[in-house]
Structure formats: C-alpha cells, structure tokens
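Here is how names work: the chains are called A, B, and so on, in the same order as the sequence lines, proteins then strands, and each is numbered from 1.
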There are 2 protein chains.
Amino acid sequence: MPMGLSQEELNRIDEVIGTRRKIKRGATLFRNGEKFTSLYAIRTGFFKTRIASEDGRDQVTGFQMAGEVVGLDGIVNDHHSCDAVALEDAEVCVMPFDRIEEISREVNALQRHVHKIMSREIVREHGVMLLLGSMRAEERLATFLLNLVQRLHARGFSQSELVLRMTREEIGSFLGLKLETISRTFSRFVEEGIVEVKQRHVHIVNTEALRDIVNPKKSS
Amino acid sequence: MPMGLSQEELNRIDEVIGTRRKIKRGATLFRNGEKFTSLYAIRTGFFKTRIASEDGRDQVTGFQMAGEVVGLDGIVNDHHSCDAVALEDAEVCVMPFDRIEEISREVNALQRHVHKIMSREIVREHGVMLLLGSMRAEERLATFLLNLVQRLHARGFSQSELVLRMTREEIGSFLGLKLETISRTFSRFVEEGIVEVKQRHVHIVNTEALRDIVNPKKSS
DNA sequence: CGTAATGTTGAGCGCATTCAAGCCGGGTGG
DNA sequence: CCACCCGGCTTGAATGCGCTCAACATTACG
C-alpha cells in the first residue's frame, strides 16, 4: 500500500476488509460461474487460478501468494470466469467489491491502488503471453523459477531456495508444457549444475545461468 | 456504455474525452517506455499491441478495433509497457487518465465501466493463455477467425466475410506460430471447404466446421 | 503399512519449425 | 504502359522439440 495517507484515510481503507476466510488445501475459493461479490487478498497460503475449456482441457493462468489479489476476473460479468484453488491451507481477506467501489470514490489512494492492481495483472499476463508464444521449454521453466524466487524474495524468503507448492503437471499447464517435459527440463538443469532439485525443494545454484537461458546471449 | 444515466451524468462522462488524434498506418499510438497519460478509445481503424523481449523477439498481445480501449498497461508504472501500432489509418479519442479517475469518483456508472473494461481485458487474456497453452495450430487459427468475425459482426459487419488487417506474420506472432504455419493452415481450411481465402480477404463458408475444430467433438 | 498420487526416464512419433525456392500483386519509375 | 522490384504469401523437404505411451521409482497420506 502506498504511503502518506492520513489516519482517517487509513481507517476508511480498513473498511473494505470484510470477514476472513480459511480455505483448506485443495478447496476452491471461487469457481467458474459463481456469482462475483468480492475480491480476495491472500494473507497466507498459495493459490492457482485456472480456466477450463469445454472439452476438459484446462489451463493454469497463474499462481498467487500472500499479498496478491484474486477475483478480478469476476468484475466484467458479475460472475467468475475461472477457478481459484488453494494449493495449501490458506487464509484470505474477503473484500466486498461494492465496498471497494464505494470507498475508492472517497479515498483517492484506494482508487489509484485498485487501478494499479488491475493494470498490473494485465501486464503480468502480457508477460505470460510472451512466454507461451515464443519461448522454448528451458526458457519457460527458467523464467518461471526466476519469477517465483523473485516474488518470494520480495517477501523476505531466500533468493536461491524455494519450495514448489504445485505439481509438475500444474507447472506444465501454466507453462504450456506436459509434466514429463517439466521433469526432463529440471533434470537437464540439474545435470548442468544450475539447480539442485529434491522433489519440490529447489535450490538455485547458478542464477546467472538461468538468466542466460531466459535471455540467450548474443556471444560473437 | 450502460444506459439509464441522467443527462447530467452523461455530460460529466463526456468530459473524459479530450482531444482526438489521428494515427497513420504503421505509426505508433504509444510505445514501450513512454510516459502514461491517457487511455485511448478507438474511433476508427485497427491496432495491434505488442511487447518485445530483450533479444528482439516480439509478441503481438492483441488486435483492437473501433470501440475498444487501449493503454491499460500503462497504469501500473505510469509508463507504457507495450507498443500500440496502427494497422491502418486510425483515429482515437484521447482520454486523460487523471480526468477519468476524477470523474469516476463522481459518476458511479463511469467507475463501474472502467472496472469492467479492465476486468474484460484480464478475462480476454485468460482466453489467449488457454489458446497459447493448449491448442494446436488449426484450433488456434479457427479460434482467431471466429473471434474476429464475432467482434466484427457485433459492429454490423458480415458474419462470414472479413478482411484481415494484419499480415500472416502478425497473426502468427499473436497465435504463437510461424507465418508459414498460418499460411499452411489457411490452405488446409480451403482444401476442406471451410473457408475461401484470397489474400487478406476471408470468406467463412462453414462456421460450424470452424466451431468443431475449436471444440473437438467427442464422436463415439 | 499399503495404496494412490506424483515424479522420473526411455523410445518413438508427429506437428510445427527451419530453410529454401518460387509466386503473386501492387507500386514506381523509365 | 510495361518492366521491374519488393513485401507478402505459398509450398516443399528435412529437421527437431516436445508429446505420447509406457514402465518404473518415490513419496505422501489415510
């Protein structure tokens, strides 16, 4: 949240927070088709969002962690258009959207904040489109790992150590690859000494090498 | 725009519209890195938005036509993070964003409208992610054609006739395919009598067949 | 402790890519 | 008006990356 707000403004902003809600691992926070009422700020835990095509295929559209907001997809049609599934026991702040709209009319900082959150999501998705549209398997996985560790680091975790909350299949769905390809690509990274992998525990040994994979260097 | 507004409200909303601006074919409305000031409502013409990765590859993130809004990417960081390029001579309404924020504090309908536009873009991108992440070439192109013709139809154009404003290469970039693949896939559709193609002029002969490609039927 | 879920690895295949050659159509200048 | 040129498009042949299918290993969990 931006700084420089009066106490009065801060109090008003607190009002957008309704109840809290706990979601068990594997349960959904909301599902495609459900009525949209609120945005959810993740307090603890880890989520994936996914959409399903008519014929059973589904696509993971993102992984969200503490401090991030889910539910923006529901605003257009007053109904959610994707599922949000907890990948571990989680807790969220329920923020009724009509309250958000009401208060953001009075508190400029909140209005600005809401706009930025939505715009940030649009920009994030642009990045995913670039990944899905033009990267090879190694680049996709390297990009994914760097993004994940960067977000975790911003929350006070290690820059080189991370525990995956999702399966290979979920990573694959997000990256537009099959789970076997994820597994093989991890193995290749391990062979090359770039990372160490023990199940879902990943230790990034050589961050620079990952960056080089994402951004193939034009060595003459 | 939603209905049921008072004259006063309508007048207020008109105030978000600043100047108009003409963009010649091939010129950019805004570029990655430029300061963000305004959203743009397309009055006439056709745009593509694209992002570029460090190493020259780029990804078309969308095609926009009359009535659609571009520039939402700029809100987060006060700078644009993609380019908007006119694919034909175009005209846009410049809508300074601080005016939008100001007036949407007073006019609920505008506030709601802005939120919906942003949410719609997020949902649209989810669909693109599904396409890029899990569809084969034929499905991608079929989806693309159906989406394009549906948007054109909503604007009063034919349901079966369309003129592509973009090159095969641009379609390919958007769909995560090479231009040769686009060309070949068009040829296959023609062979199968699904469409007729003469350069950029496309006549959809069999819409149902396209739908079947998008949504493989589970024939026993 | 046993069973199901998850992950690894191998072999062969297929779809989209790459590389290459040629075509078409529109615009320009002689 | 025609010759030329160039960007956009098409088509062919060969390659290769990621997928499919399959067997097996490992781990989580009731």
- [ ] Classify the ring geometry between A:His80 and A:Phe30 as parallel (under 30°), tilted (30 to 60°) or perpendicular (over 60°).
- [x]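 If you compare the ring of A:His80 with that of A:Phe30, the planes turn out parallel.
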How would you label the contact of [X] with the nucleic acid (heavy atoms, under 4.0 Å): base, sugar-phosphate, or nothing?
{"X": "A:Ser183", "answer": "base"}
{"X": "A:Gly172", "answer": "nothing"}
{"X": "B:Ile182", "answer": "nothing"}
{"X": "A:Arg188", "answer": "nothing"}
{"X": "A:Glu180", "answer": "base"}

TODO: May I ask you to check whether B:Phe63 and B:Phe174 place their ring centres under 6.0 Å from each other?
DONE: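 Yes, they do, as the ring centres are separated by less than 6.0 Å.
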Open item on the list: Whether B:Arg200 contacts D:dC9 is assessed here as follows: a side-chain N or O lying under 4.0 Å from the phosphate OP1 or OP2. Is that the case?
Closed with: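 Checking B:Arg200 against D:dC9: at least one side-chain N or O falls below 4.0 Å of OP1 or OP2.
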Open item on the list: When you measure from the side-chain N and O atoms of A:Thr181 to the phosphate of D:dC17, is any distance below 4.0 Å, counting only OP1 and OP2?
Closed with: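 The answer is no; no side-chain N or O of A:Thr181 sits under 4.0 Å from OP1 or OP2.
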Task: Verdict with supporting geometry, A:Arg151 and A:Asn147, side chain to side chain donor-acceptor pair (under 3.5 Å) - done: CA-CA 6 Å; A:Arg151 284 153 70 197; A:Asn147 173 269; 3.0 Å; yes
- [ ] Identify which one of A:Lys22, A:Arg25, A:Arg165, A:Lys48 satisfies the salt bridge (charged side-chain N to carboxylate O under 4.0 Å, His left out) criterion when paired with A:Glu88.
- [x]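 Of the listed residues A:Lys22, A:Arg25, A:Arg165, A:Lys48, the salt bridge (charged side-chain N to carboxylate O under 4.0 Å, His left out) partner of A:Glu88 is A:Arg165.
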Just the rounded figure in Å: distance from [atom2] of [N] to [atom1] of [X].
{"X": "A:Leu131", "N": "D:dG18", "atom1": "CG", "atom2": "P", "result": "12 Å"}
{"X": "B:Arg165", "N": "D:dG8", "atom1": "CZ", "atom2": "C1'", "result": "17 Å"}
{"X": "A:Leu164", "N": "D:dA28", "atom1": "CG", "atom2": "P", "result": "13 Å"}

Task: Opening and closing nucleotides of DNA chain C in contact with chain A, under 4.0 Å to non-hydrogen atoms - done: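 Result: C:dT6 to C:dA11.
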Task: Evaluation steps, ring pair (Phe, Tyr, Trp, His ring centres under 6.0 Å), between B:Phe36 and B:His79 - done: CA-CA 5 Å; B:Phe36 165 76; B:His79 290 271; 9.4 Å; no
TODO: Classify the side-chain pair B:His126/A:Gln59 by whether it contains a donor and acceptor separated by less than 3.5 Å.
DONE: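 The answer is no; no qualifying pair exists.
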Side-chain ([X]) to main-chain ([Y]) donor-acceptor, under 3.5 angstrom:
{"X": "A:Glu101", "Y": "A:Asp98", "result": "no"}
{"X": "A:Arg140", "Y": "A:Met135", "result": "yes"}
{"X": "B:Glu68", "Y": "B:Met65", "result": "yes"}

Open item on the list: Regarding D:dG12, can its base be found pairing with the side chain of B:Arg184 as donor and acceptor, where the two atoms are less than 3.5 Å apart?
Closed with: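 Side chain to base: pair present.
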Task: Overall bend - the helix from C:dC1-D:dG30 to C:dG30-D:dC1, comparing terminal axes fitted on five pairs, nearest 10 degrees - done: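 Nearest ten degrees gives 40° for this helix.
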